[in-house]
Amino acid sequence: MCPLEAIDPLHCSHVNVDGGPCNPSPPVSCSPLSAPCGFVPSECPPMGLETLKIDDFQLHASTMRRYGLGAHRGRLNIQAGLYDDDLYDGAWCAGRNDPLQWLEVDARRLTKFTGVITQGRSSLWSSDWVTSYKVLVSNDSHTWVTLKNGSQDLVNVLFPVAAVARYIRVNPRSWFNRGSICMRVEILGCPMPDSQNYYHRRNEITTTDNLDFKHHSYKEMRHLMKVVNEMCPNITRIYNIGKSHSGQKLYAIEISDNPGEHEPGEPEFRYTAGSHGNEVLGRELLLLLMQFMCQEYLSGSPRIRHLVHETRIHLLPSVNPDGYDKALEVGSELSGWSLGRWSQDGVDIHHNFPDLNSILWEAETKKWIPRKMLNHHVPIPEWYQSKNSTVAAETRALVSWMEKIPFVLGGNLQGGELVVTFPYDRTRSQGVSREQTPTPDDHVFRWLAFSYASTHRLMTDARRRVCHTEDFAKEDGTINGASWHTAAGSMNDFSYLHTNCFELSMYVGCDKFPHESELAEEWENNRESLLVFMEQVHRGIKGIVWDMQGRGIANATIQVEGIGHDIRTAADGDYWRLLNPGEYSITVRAEGYSASSKVCEVGYDIGATRCDFTVSRTNLSRIKEIMERYNKQPIRQPLRLEIDGKR
């Protein structure tokens, strides 16, 4: 076997770490293990412990405390289960506390190792972390050479000497005195060229899309949106919905054949991302999506052209730019699990909406619906709208945006898992943390969730490893939000109960903040899903509610028999009602007009069924109109004569 080599940038020479100096020009047969003289090692990207590119069979350990704390759990940022003895716990923990313990990664090919990142255990109950360690490398997993000593937690520790080898070990030397040996790690490494390597070719994902695969600062994001707008000025428009706590504008880009204007009969769709500022993947996916749609439109793609001509699409890439700036400052691997999650004033934006569930459910319990309260467009409580309420500036901007535009369907991109969640997000039973809590439109929501998950490259793959603790692939990559973990005031529940828009959450990757080198693969994982989900806005029925003079009627109620959730018409009298295939009895009601009903059929093909209504004024509304026309003079009652004492 060729000697295991490291490259010493300070002395411009190869070092044979198997022992003794090495010739600056090593034999040709050893070239995979060497590099040119004068080579200064740069930082390599993460190998993929956090993103799961490194599978469980590549991780080994000297001992383990129990299976839930085995080597396969020693991944950077991996999260623990609910209980301390959970099958899925939050680190690798050694079975004994002594300096002979180690965690090993088999790269399965020659790799240039340049650094390591370490964390302690993720646990509510334990304080377990390593205070110092050694890093060793080997070509055969038998002969080991020390490469680096380290001592800091969650710091990108670059090696002074970059080593080319197959195996790398982290050997804890000391640990917190009241804890034990527990670690989560990420290894920085660049695979050496090897076209014959089976494992590399099996897992290689490439893209043919010519897009800007990088992390964008706020300024770079704004510039990229301008570039896309200049490339496609006839179908794009940049606008902002408000400002963040620190004053940064919340920019959105509209993609439509008539940007800036709502066209009657054309549904409105939205994607948002970055409500948790450290969940960066969604932000970059939306920036990639806007580039892709512009390029494909210009190249004449029938699919994209049809989508743009028939839909008004809004992309809001960064709901929480203040939080993103915090995460970006320390970088993709060092932001941990929560740095930048909240707004500048410490608010979780995604769960900062008014809790309308409680208001609706209380009204249902008291049997106030529909006599005293409607089952839709539940009003926002007065206390929430006061200046003293704990509502983030970003949340207020979102609420105003959601009320202004008649959105039909929306998706908010999250990170840290691979699953699509749908309302309700709050359990109906008091004190219950997990419970199936379906909406009246549960079957529609399940289809919408499955449309994204089933077209994602990994979400429904039963062979894939779970991100953290939940195996969502067994549930087809989808779950009711409340049955995962209950949360009041979510964006999804608010959107459903206060507006016409059906909103879902897409958790688009295990790694919240993937390294730049991973973005092309993550785009390939999500591209088709992003497009398919947008196309679902054209599923169900649509139409216009007119009066007898052909004028659209705003705020008319659209009721579907058997589904206890209504929607309303937009300002022009147009509406869209998401429904699964089948026959439905639809009733339209508007103040001052007689109710009208008809049966509408929804087919299996994409394309909403047209279902228009023309309604006439009621006699009472006509009388009121006449009274207003004549200055509200009372209508005289006809004289009645009394004959024989009778009227």
Side-chain angles (χ1 to χ4, degrees), residues 44-81 86-94 101-108 111 113 115-123 126 128-130 133 135 150 153-157 167-172 180-189 199 203 278-281 331-339 415-419 458 463-473 507-515 517-518 521-522 525:
C44 285
M47 292 181 60
L49 276 78
E50 184 175 7
T51 62
L52 308 182
K53 289 182 71 173
I54 298 294
D55 64 42
D56 288 351
F57 297 105
Q58 292 176 258
L59 301 177
H60 311 282
S62 52
T63 60
M64 62 181 177
R65 190 182 304 175
R66 52 184 170 78
Y67 180 76
L69 293 167
H72 63 295
R73 303 299 295 174
R75 300 172 180 272
L76 189 72
N77 286 325
I78 203 164
Q79 298 301 291
D86 201 289
L87 180 64
Y88 300 104
D89 218 321
W92 160 68
C93 290
Q101 306 306 307
W102 46 261
L103 178 65
E104 177 183 306
V105 179
D106 176 4
R108 287 180 172 161
T111 300
F113 297 114
V116 63
I117 302 168
T118 64
Q119 278 178 313
R121 179 183 177 188
S122 169
S123 174
S126 304
D128 299 323
W129 69 83
V130 169
Y133 58 86
V135 179
D153 190 51
L154 202 55
V155 172
N156 187 344
V157 178
Y167 302 91
I168 186 167
R169 277 184 183 177
V170 180
N171 167 219
S180 55
I181 297 176
C182 293
M183 296 188 78
R184 294 176 289 168
V185 305
E186 181 63 85
I187 305 297
L188 308 182
Y199 296 107
N203 297 319
N278 63 326
E279 295 173 9
V280 174
L281 178 55
S332 62
E333 308 310 313
L334 304 181
S335 58
W337 193 247
S338 60
L339 180 64
E417 260 299 349
L418 278 172
V419 67
L458 299 174
R463 299 167 298 175
R464 76 169 178 86
R465 187 198 181 284
V466 299
C467 290
H468 299 283
T469 62
E470 306 273 358
D471 188 0
F472 294 114
Y507 291 78
V508 292
C510 297
D511 189 348
K512 290 183 176 183
F513 196 158
H515 190 272
S517 62
E518 303 288 337
E521 182 171 343
E522 293 293 358
N525 289 343

Enquirer: Answer yes when D511 and K53 have at least one side-chain N-carboxylate O distance shorter than 4.0 Å, and no when they do not.
Expert: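 Looking at K53 together with D511, the answer is no, because their closest N to O distance does not fall below 4.0 Å.
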
Enquirer: With no hydrogens and no angle check, is any side-chain donor or acceptor of R121 less than 3.5 Å from a backbone partner on C182?
Expert: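 No; judged by distance alone, with no hydrogens or angles, the pair does not exist.
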
Enquirer: Listed by chain and number, what are the salt bridge (Lys or Arg N to Asp or Glu O under 4.0 Å) partners of D471, not counting sequence neighbours?
Expert: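 In terms of salt bridge (Lys or Arg N to Asp or Glu O under 4.0 Å), with neighbours along the sequence ignored, D471 is linked to no residue.
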
Enquirer: When you compare the side chain of R65 with that of S180, does any pair of heavy atoms fall below 4.5 Å?
Expert: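 Yes, at least one pair of side-chain atoms sits under 4.5 Å.
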
Enquirer: Taking I181's backbone N and O only, do any of them form a donor-acceptor pair with W92's side chain (distance below 3.5 Å, no angle check)?
Expert: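 Side chain of W92 to backbone of I181, a donor-acceptor pair under 3.5 Å: no, none is there.
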
Enquirer: Before accepting this row, confirm whether a basic side-chain N of the pair R75/E50 lies closer than 4.0 Å to the acidic partner's carboxylate O.
Expert: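 No salt bridge links R75 with E50.
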
Enquirer: Could you give the distance from CH2 (W102) to OG1 (T63), rounded to the nearest 0.5 Å?
Expert: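 The CH2 atom of W102 sits 9.0 Å away from the OG1 atom of T63.
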
Enquirer: If you measure from OG1 on T111 to CG on L188, what distance do you get to the nearest 0.5 Å?
Expert: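 Here the interatomic distance stands at 12.0 Å.
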
Enquirer: Which one of V466, L52, T51, N77 satisfies the side chain to side chain contact (heavy atoms under 4.5 Å, CB included) criterion with C510?
Expert: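 For C510, the side chain to side chain contact (heavy atoms under 4.5 Å, CB included) test succeeds with only one of V466, L52, T51, N77, which is L52.
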
Enquirer: Give me the one residue out of R108, H72, R464 that meets side chain to side chain donor-acceptor pair (under 3.5 Å) with D55.
Expert: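 For D55, the side chain to side chain donor-acceptor pair (under 3.5 Å) test succeeds with only one of R108, H72, R464, which is R108.
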
Enquirer: Roughly how far, to the nearest 0.5 Å, is the CG atom of L339 from the NZ atom of K512?
Expert: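 Those atoms lie 10.5 Å apart.
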
Enquirer: If the test is side chain to side chain contact (heavy atoms under 4.5 Å, CB included), which one of V130, V185, I78, L76 qualifies with Q119?
Expert: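 For Q119, the side chain to side chain contact (heavy atoms under 4.5 Å, CB included) test succeeds with only one of V130, V185, I78, L76, which is L76.
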
Enquirer: Strictly distance-based, threshold 3.5 Å: is any side-chain N or O of Q101 a donor or acceptor partner for the main-chain N or O of S62?
Expert: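 No.
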
Enquirer: Restricting to salt bridge (Lys or Arg N to Asp or Glu O under 4.0 Å), what partner residues turn up for E417, sequence neighbours left out?
Expert: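 Once residues adjacent in sequence are excluded, E417 has no partner under the salt bridge (Lys or Arg N to Asp or Glu O under 4.0 Å) criterion.
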
Enquirer: Please give me the minimum heavy-atom distance between L103 and A71, naming the atom from each residue.
Expert: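 It is CD1-CB, 3.8 Å.
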
Enquirer: Would you mind checking if R66 and D89 are paired as a salt bridge, meaning a charged N to carboxylate O distance below 4.0 Å?
Expert: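 The answer is yes: the pair qualifies as a salt bridge.
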
Enquirer: Would you find a donor on one side and an acceptor on the other, under 3.5 Å apart, between the side chain of N278 and the backbone of F513?
Expert: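 No: the side chain of N278 does not pair with the backbone of F513.
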
Enquirer: Is a donor on one side and an acceptor on the other found under 3.5 Å between the side chain of E104 and the backbone of R169?
Expert: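 Answer holds: no.
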
Enquirer: Check whether any side-chain N or O of D56 sits under 3.5 Å from a backbone N or O of L59 as a donor-acceptor pair, and report yes or no.
Expert: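 Side chain of D56 to backbone of L59: no pair is present.
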
Enquirer: Quickly, which of V105, I168, V135 forms a side chain to side chain contact (heavy atoms under 4.5 Å, CB included) with V116? Name it, please.
Expert: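 It is V135, the one option of V105, I168, V135 that forms the side chain to side chain contact (heavy atoms under 4.5 Å, CB included) with V116.
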
Enquirer: Which atom names give the shortest non-hydrogen contact between I117 and E333, and what distance separates them?
Expert: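 Between these two residues, the closest heavy atoms are CD1-CB, 3.3 Å.
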
Enquirer: Are any of the side-chain heavy atoms of L49 and E186 separated by less than 4.5 Å?
Expert: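 Sidechains of E186 and L49: in contact.
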
Enquirer: Strictly distance-based, threshold 3.5 Å: is any side-chain N or O of R73 a donor or acceptor partner for the main-chain N or O of M183?
Expert: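 Judged by distance alone, no pair lies under 3.5 Å.
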
Enquirer: Ignoring hydrogens, what is the shortest heavy-atom contact between F113 and Y167? Give both atom names and the distance.
Expert: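 Residues F113 and Y167, closest heavy atoms: CE1-O, 3.8 Å.
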
Enquirer: With the side chain counted from C-beta on, respond yes when P45 and E518 share a heavy-atom pair under 4.5 Å apart, and no when they do not.
Expert: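 Counting from C-beta outward, P45 and E518 never come under 4.5 Å.
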
